[in-house]
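Within every chain, numbering begins at 1; the chains are lettered A, B, ... in the order of the sequence lines, protein sequences first and strands thereafter. Excluded from the calculations below are hydrogen atoms, water molecules and symmetry mates; all remaining heavy atoms, backbone and side chain alike, are included.
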Amino acid sequence: MKIQLRDETREFEKGTTILEIASSISEGLARVAVAGRVDGVLTDLSVALEDDCALEIVTQKDPEAKQILRHTAAHVLAQAVKTIYPTAKLSIGPATEDGFYYDFDFKTPITVDDLPKIEAEMKKIIKANFEIKRNVVTKKQALKRAKDEGETFKIQLIGDIPDDETVTEYTQGDFTDVCRGPHMRSTGMVKAFKLTRIAGAYFKGDSKNKMLTRIYGVAFDKKSEMDEYFVRQEEAMKRDHNKLGRELEIFTTVDYIGQGLPILLPKGTAIVQTMQRFVEDEEAKRGWVRTKTPLMAKSDLYKISGHWDHYKDGMFVLGDEKEDKEVFALRPMTCPFQYQAYLNRARSYKDLPMRLAETSTLFRNESSGEMHGLIRVRQFTISEGHLMCTPEQLESEFKGCLELAIFMLKTMGLYEDASYRFSQWDPNDRDKYIGTVEQWEEAQGKMKTILDNLGIPYKVGVGEAAFYGPKLDIQIKNVWGKEDTLITIQIDQMLAEKFGMEYTDKDGNKKNPYIIHRTSIGCYERTLAYLIEKYAGAFPLWLAPVQLKVINVSEKSEDYAREVSQKLALHGYRIENDFRSEKVGYKIRQAQLEKVPYMMVLGENEIAAGTVTLRKRNGEEIRDLSIEQVVEIFNKEIEEKIK
RNA sequence: GCUGAUGUGGCUCAGUGGUAGAGCAUCACCUUGGUAAGGUGGGGGUCACGGGUUCAAUCCCCGUCAUCAGCUCCA
């Protein structure tokens, strides 16, 4: 058979294993080989090849090797758990970004205190360096073994494997687990690992199923790499908006106000207000007009929109349908409110596109375990907008919405961290969505064409659509690597019909407009959270809650400092004075810790010269400036939104 | 909602079955000091909240609330 290697094609006998092929290339390669990639599919070294194929040898250096290592570490964990807790039932144990996890069903629950014991057992298994043997079995054989061992979850998992697929089992010592593989050659190849935490996870990711105990760990090639990982985690923790945002007095929470209801402190409010003004002005420049609609409505409205059926659990409902004549609900979105502005009179194609924006406060009754700092809250304010247009206008208007979003991301400095997700419906979960298959195919087809024409590099998210239409979600990760939607642009051809929104076209016929639901910068709370993490609290001048701290050297310079401060305040800068009778070094240190972009230290030298001295956050000083020169520096930096 | 962890002055954290401590912050006084912490002294805590056990609970038990990690969810 012909095997196409990286640089050449070579002839091998049928039945030669990947490891043997690696050895024939070089012994060195065989030593560092971890797996093979056969026609793009990761495969164990022990697998014998039978047909012509392309083969790449995956070595320890390749990123895939880490995944294999981590997956093997998961099996070592499973073996250790089965040794200590023979009654524990196995579920699944894949690799993750930095490590692995395995889901178990324990007869009696374990806690974090049990982890060291399990780790110790894992070390024994690693030291024993069991060979990891791959066996191809039939589905029937795998099922029988799972039944014999009482592995109730494995029985279900094996049952889900398509009949025509090869089933493989991996054995290390006395432990065997059904698994797609590939794996390291032996347990001794797991070098550096640590069990990190324990959490609940539903079997097969479905909350209707039993909750299993998930044990998480990290694994690396070397101890030093693992140490670096923990150092990186420490660094991430320092940027965490939930910690830094509180330290810098941007926001706080109060237990008797409630979960998901943060208090924006003056500093946080200053940032949000700056963003909001910027967003509203920019939207106006791009042809958006604003509405101001109620924060609540009778249930009737939500019944028309479909929210009552599809989203009632997520709403704060005021009153009881059985007892009260009128039941209200706080709004979880702006759509049906803003549509009323469109419906205010009969519309013509000449009115389109109609771009309606609103700085809109929404309320969503998130489950108690969902709330997170400023990223997931129960009340938030979003730069909302709905755009009604004709089918011909759809593509260019969608593009305009995307350009606005990208402009915002770039200005904020978040663009490089964002990725795109084309969120589609799940045809197998019809309950979640309104509309027909044809409508969904049409809307998604239109969006796909638009995205492909724009050359947007997206990944597809099945089942991530809104109940009324597909979305382009702009995703961003927090310091811990957890992803959330920052911005969304959606195409909706269903709600217009539900609300009877029409326009009279050139031909005199009434038609439903397309609606684009979009946000230009997302929710201010969430965006603020990512900004805190992005800048580690050291905001660009235009966004900084305190732009300048004026510091006097001694009492002798207080009057002068006050005078300078007042003159600068007339320009609208956000200034704080620190005229306390403390030493200059002390006051500078404090301003530094608050990450204020500019300090102005004024003493007798400045009084004598009639000038001021600026000190940047990085310690750089600009001396002998007039107030006018300071204004010039500030205005330039603020207007250009320099990062 | 579920699993696990946490909750002690404004913040970071010690601590104990016999009604609590440090550093930072705050306040007062001294100091008027030129680019990341000057000195002295003082005030401040129903040990998240509510029950229970106990002669006695911040500590043990139960419940609630909040915070964190994860799962599910996320219009």
May I ask which nucleotide in the shown strands pairs with [N], Watson-Crick or G-U wobble, both distances under 3.5 Å?
{"N": "B:C71", "result": "B:G1"}
{"N": "B:G34", "result": "none"}
{"N": "B:C55", "result": "B:G18"}
{"N": "B:G44", "result": "none"}
{"N": "B:C65", "result": "B:G7"}

Distance in angstrom units between [X] [atom1] and [N] [atom2], rounded:
{"X": "A:L115", "N": "B:A5", "atom1": "CG", "atom2": "P", "answer": "10 Å"}
{"X": "A:I257", "N": "B:C49", "atom1": "CD1", "atom2": "C1'", "answer": "16 Å"}
{"X": "A:Y202", "N": "B:U72", "atom1": "OH", "atom2": "P", "answer": "9 Å"}
{"X": "A:E604", "N": "B:U35", "atom1": "CD", "atom2": "P", "answer": "14 Å"}
{"X": "A:K583", "N": "B:U35", "atom1": "NZ", "atom2": "P", "answer": "9 Å"}
{"X": "A:N365", "N": "B:U72", "atom1": "CG", "atom2": "P", "answer": "20 Å"}
{"X": "A:D484", "N": "B:C71", "atom1": "CG", "atom2": "P", "answer": "12 Å"}
{"X": "A:R197", "N": "B:U3", "atom1": "CZ", "atom2": "C1'", "answer": "13 Å"}

Tell me what [X] touches on the nucleic acid: a base, only sugar-phosphate, or nothing, going by heavy atoms under 4.0 Å.
{"X": "A:L593", "answer": "base"}
{"X": "A:I588", "answer": "base"}
{"X": "A:G373", "answer": "sugar-phosphate"}
{"X": "A:G619", "answer": "nothing"}
{"X": "A:N605", "answer": "base"}
{"X": "A:K587", "answer": "nothing"}
{"X": "A:Q259", "answer": "sugar-phosphate"}
{"X": "A:S554", "answer": "base"}
{"X": "A:R615", "answer": "base"}
{"X": "A:G369", "answer": "base"}
{"X": "A:E620", "answer": "nothing"}
{"X": "A:A201", "answer": "sugar-phosphate"}
{"X": "A:Y101", "answer": "nothing"}
{"X": "A:Q490", "answer": "sugar-phosphate"}

Pairwise N/O distances under 3.5 Å, protein to nucleotides 24-28 of chain B:
| residue | atom | partner | partner atom | Å |
| --- | --- | --- | --- | --- |
| B:A25 | OP1 | A:Y586 | OH | 2.7 |
| B:U26 | OP1 | A:R580 | NH1 | 3.1 |

message = Using only modelled atom types and a 3.5 angstrom limit, is any donor from either the side chain of A:Q592 or the base of B:U35 paired with an acceptor on the other?
response = no
query = Can you find a donor-acceptor pair, distance only, under 3.5 Å between A:E606 side chain and B:G34 base?
reply = yes
key: Toward the 5' end of RNA chain B, by each residue's nearest nucleotide, A:R589 or A:D206   = A:R589
inquiry  = Both A:Y256 and A:T213 contact RNA chain B. Which one's nearest nucleotide lies toward the 5' end?
reply    = A:T213
remark   = Given the options A:T519, A:I476, A:I474, A:D473, A:T485 meets side chain to side chain contact (heavy atoms under 4.5 Å, CB included) only with A:D473
Which nucleotide in [options] has an atom nearest any side-chain atom of [X]:
{"X": "A:Y216", "options": "B:G70, B:G33, B:G1", "answer": "B:G70"}
{"X": "A:S367", "options": "B:G1, B:U3, B:A36", "answer": "B:G1"}
{"X": "A:D255", "options": "B:G70, B:A48, B:C68", "answer": "B:A48"}
{"X": "A:R376", "options": "B:C68, B:C2, B:C73", "answer": "B:C73"}
{"X": "A:S581", "options": "B:G4, B:G70, B:G33", "answer": "B:G33"}

message = For the residue pair A:R617 and A:F539, would you count it as a cation-pi contact if the rule is NZ or CZ under 6.0 angstrom from the ring centre and within 45 degrees of the ring axis?
response = no
key: N/O donor-acceptor pair under 3.5 Å between A:E533 side chain and A:Y530 backbone   = no
key: Check: A:K549 main-chain N/O paired with A:E576 side-chain donor or acceptor under 3.5 Å   = no
ask   = What orientation do A:Y468 and A:H517 show, parallel under 30°, tilted 30 to 60°, or perpendicular over 60°?
value = parallel
task = Return the orientation label for the A:F467 and A:H310 ring planes: parallel under 30°, perpendicular over 60°, tilted otherwise.
result = parallel
ask   = Hey, which of A:D160, A:D103, A:N209 is the one that makes side chain to side chain donor-acceptor pair (under 3.5 Å) with A:K204?
value = A:D160
Between [X] and [N], does any side-chain N or O lie under 4.0 Å from OP1 or OP2?
{"X": "A:K432", "N": "B:C74", "result": "yes"}
{"X": "A:H372", "N": "B:A69", "result": "yes"}
{"X": "A:S368", "N": "B:G1", "result": "yes"}

Taking atom [atom1] in both [N] and [M], what distance in whole Å separates the two?
{"N": "B:A20", "M": "B:C59", "atom1": "P", "value": "14 Å"}
{"N": "B:G43", "M": "B:G21", "atom1": "P", "value": "13 Å"}
{"N": "B:G39", "M": "B:G10", "atom1": "P", "value": "25 Å"}
{"N": "B:U32", "M": "B:A48", "atom1": "P", "value": "45 Å"}

For the residue pair [X] and [Y], is the inter-centroid distance of their aromatic rings smaller than 6.0 Å?
{"X": "A:Y339", "Y": "A:H386", "result": "yes"}
{"X": "A:Y420", "Y": "A:Y458", "result": "no"}
{"X": "A:F634", "Y": "A:Y598", "result": "yes"}

remark   = Here the pair of heavy atoms bringing A:G603 nearest to A:E606 is N-OE1, 2.9 Å
